[in-house]
Amino acid sequence: MSGNRNLIGFFDSGVGGLSVLRQVHRDLPYESLLYVADSGHAPYGNKSVELIIQRSFAITDFLLQQGAKAVVVACNTATAAAIARLRAHFDIPIIGIEPAIKPAVAMTRSGVVGILATGNTVRSVKFAHLLDQHGHRARILVQPCPGLADCVERGEVSGIRPRILLERYLQPLLSAGADTLVLGCTHYPFLIPLIQKLAGTEMAIIDPSPAVARQLRHRLDSAGLLAAGYVTGSTRYFTSGSPDQTAGVMTQLLGQPVKLESLPECFRSIEAFRTGKFTGEDFSHCR
Ligand code: DGL
C-alpha cells in the first residue's frame, strides 16, 4: 500500500466518467488523477447490483493501493448501488454523482423535467429518495435509456445508432412539454451536441459534472487535502477491458492522446474477486 496519498481516483463502468474527470481537470488543474474504466464489465446499467458493488470495491481498493486520497464514483449507477457501502468501508472522502433533479426543478419554466438514466439508476432506492425529496415541485418524467451508454462506449456519439435511440427516448419527454433535461448517466454528456440537435436549442440540458468538481474541491479543502498550486497534475488511465480498443475511444472523447494501462488481473476479473468478501484484505495478494 502506498503511504503517499496524493492523487484523486475515478471510476466508471467505462469511458463515461471521463466527462467528470475532464471537468475536475479543468477546475482543479494541480491535482493528479487516476481513472479506471471498468470496460470489461460495461455497461453497469443492466448488471446485478451485487456485481456493481463487487466491482466498486475491487476498483476502490486498487485506487487506494495506487495512492488515492479521495475517490470520485464517476458513475450514477455505481453511486446508487454502492456508495453507502464504500463510505462505510473506506476511510477517505468518496464523492458520488446523482441525477441533478433539484437544480432541474428550480430551472424549469414549463414545469416538466425529463431525466435520462440507466435502468439500474432509476430502479434504485437512492433515486426513489431523490424523487421524493424534490420531485413534487415539477412533473418529472423518468426515461431509462438502454443501449445509449453502449454507443458512447464504442465511440458512437453521432450517427445513426445513437440518433435512433435518442429519438425514441426523447419523444415522450418532448411531447409532454419538457424544457429541462437531466443527464443522469456520465456517458451522456458526450451526446450533448446530438441531444441538443434533436431536442432543440431551447432545451436546457443539465450535466452534473461541475457540481461534482465543486463538491470534490470542498471535501478536499475541508480535509486539508488540496494539492499545492505549483505544477499541473498528471493523469493515468487504466481499464479492465481491452486497452487498444478503449484507448482509441478515450482519445476520441477527450480530444487528446490517452495512454491506457491494464488493470492488474486480480482487480480485473470477477472470478478472482468472487472468492473474496468485498473487503480490502481480500486483495492482499495483489499488493
Ligand atoms: N456511466 C454510468 C452512469 O453514470 C453507467 C452507464 C452504464 O454502464 O450503463 O450511470
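In each ligand, atom 1 is the first atom listed, and ligand 1 is the first ligand listed. We're numbering straight along the sequence, starting at 1.
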Lys/Arg N to Asp/Glu carboxylate O, E31 vs K69, below 4.0 Å:
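Yes, E31 and K69 are salt-bridged.
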Determine whether the side chain, the backbone, both or neither of D12 has a heavy atom under 4.0 Å from any heavy atom of ligand 1.
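For D12, the contact with ligand 1 is made by the side chain alone.
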Give me the ring orientation class for F62 and F238: parallel if the planes are under 30° apart, tilted from 30 to 60°, perpendicular past 60°.
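Perpendicular.
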Atom 10 (O) of ligand 1 [closest protein heavy-atom partner, distance rounded to 0.1 Å]
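Protein heavy atom with the smallest distance to atom 10 (O) of ligand 1: T77 OG1, 2.6 Å.
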What pair of heavy atoms forms the shortest contact from L260 to A247, and how long is it?
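Closest approach of L260 to A247, heavy atoms only: CD2-N, 3.4 Å.
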Can you name the nearest heavy-atom pair linking P210 to D207, along with the distance?
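The pair with the smallest heavy-atom distance is CD-O, 3.2 Å.
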Ligand 1 atoms in contact with Y44 (distance to a heavy atom under 4.0 Å)
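Within the 4.0 Å cut-off of Y44, ligand 1 contributes 7 (C), 8 (O), 9 (O).
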Which atoms of ligand 1 sit under 4.0 Å from any heavy atom of T118?
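Listed by number with element, the hits are 6 (C), 9 (O), 10 (O).
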If we only count N/O pairs under 3.5 Å, is [X] in contact with ligand 1?
{"X": "T121", "value": "no"}
{"X": "G45", "value": "yes"}
{"X": "H187", "value": "yes"}

To the closest 0.5 Å, what do you measure between OG1 (T239) and CG (D38)?
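The OG1 atom of T239 sits 7.5 Å away from the CG atom of D38.
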Ligand 1 contact by C75, heavy-atom criterion under 4.0 angstrom
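So C75 counts as touching ligand 1.
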Going by heavy-atom distance to atom 8 (O) of ligand 1, choose the closest among S13, A74, A117, S39.
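Considering heavy atoms of S13, A74, A117, S39, the nearest to atom 8 (O) of ligand 1 sits in S13.
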Start with the C-alpha gap between V249 and R154, add the side-chain angles, then the distance that decides, and say whether side chain to side chain contact (heavy atoms under 4.5 Å, CB included) holds.
CA-CA 7 Å; V249 176; R154 291 188 298 265; 5.8 Å; no
Is any side-chain heavy atom of Y35 closer than 4.5 Å to one of D12?
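They are in side-chain contact.
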